[in-house]
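Step one of this worksheet: look at the structure below.
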Amino acid sequence: MTSGLQEKAINGIALLKKLKDIAKEQLIILPGSGINPTNVRVFKSNGFKEIHTSASKIIANLNIDLNSTEQTISDVTTITEILNILKNT
């Protein structure tokens, strides 16, 4: 799994494509980080057969020892939306 050396995989798409081309079918390059319903088509249109997404939503903000931490869960609605986009593209 890689984001193409960027914080978000969409910003590393050029390197991800290059890695996929180098790997051919010998190795799966699995894009991940920030993949969501608004950008998932980019990965499919660039030939990626698999992606990683947390499809998360924030359910709580916890304040622990002066640090704020977001508690997230995978969101079934977001997962369903991504799957529908991929099936219909």
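Because the structure is a prediction, the values reported are computed rather than measured. In what follows, every heavy atom counts, from backbone to side chain, and hydrogens, waters and symmetry copies are set aside.
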If hydrophobic clusters are built by linking Ile, Leu, Val, Met, Phe, Trp and Tyr wherever their side-chain heavy atoms come under 4.5 Å apart, do [X] and [Y] end up in the same one?
X	Y	value
Leu15	Leu27	yes
Val76	Ile73	no
Ile85	Ile79	no
Leu86	Ile29	yes

Nearest 0.5 Å, what's the [atom1]-[atom2] distance between [X] and [Y]?
X	Y	atom1	atom2	value
Ser33	Ile51	OG	CD1	12.0 Å
Glu81	Leu83	CD	CG	10.5 Å
Lys44	Lys87	NZ	NZ	10.5 Å
Ser3	His52	OG	NE2	12.0 Å
Asn46	Leu16	CG	CG	9.0 Å
Thr69	Ile58	OG1	CD1	11.5 Å

Could you check if a side-chain atom of Lys49 sits within less than 4.5 angstrom of a side-chain atom of Glu25, using non-hydrogen atoms only?
yes

Item checked: Student check: side-chain heavy atoms of Glu50 and Ile28 closer than 4.5 Å -> yes

For Asn39 and Gly34, indicate whether the former's side chain and the latter's backbone hold a donor-acceptor pair under 3.5 Å.
yes

Check: Quick one: does Asp21's side chain have a donor or acceptor within less than 3.5 Å of a partner on Leu19's backbone?
Finding: no

side-chain contact (heavy atoms from CB on, under 4.5 Å) test vs Phe48 passes for just one of Ile13, Val42, Ile35, namely Ile13

On a heavy-atom basis, the closest approach of Ser74 and Ser54 is OG-O, 3.0 Å

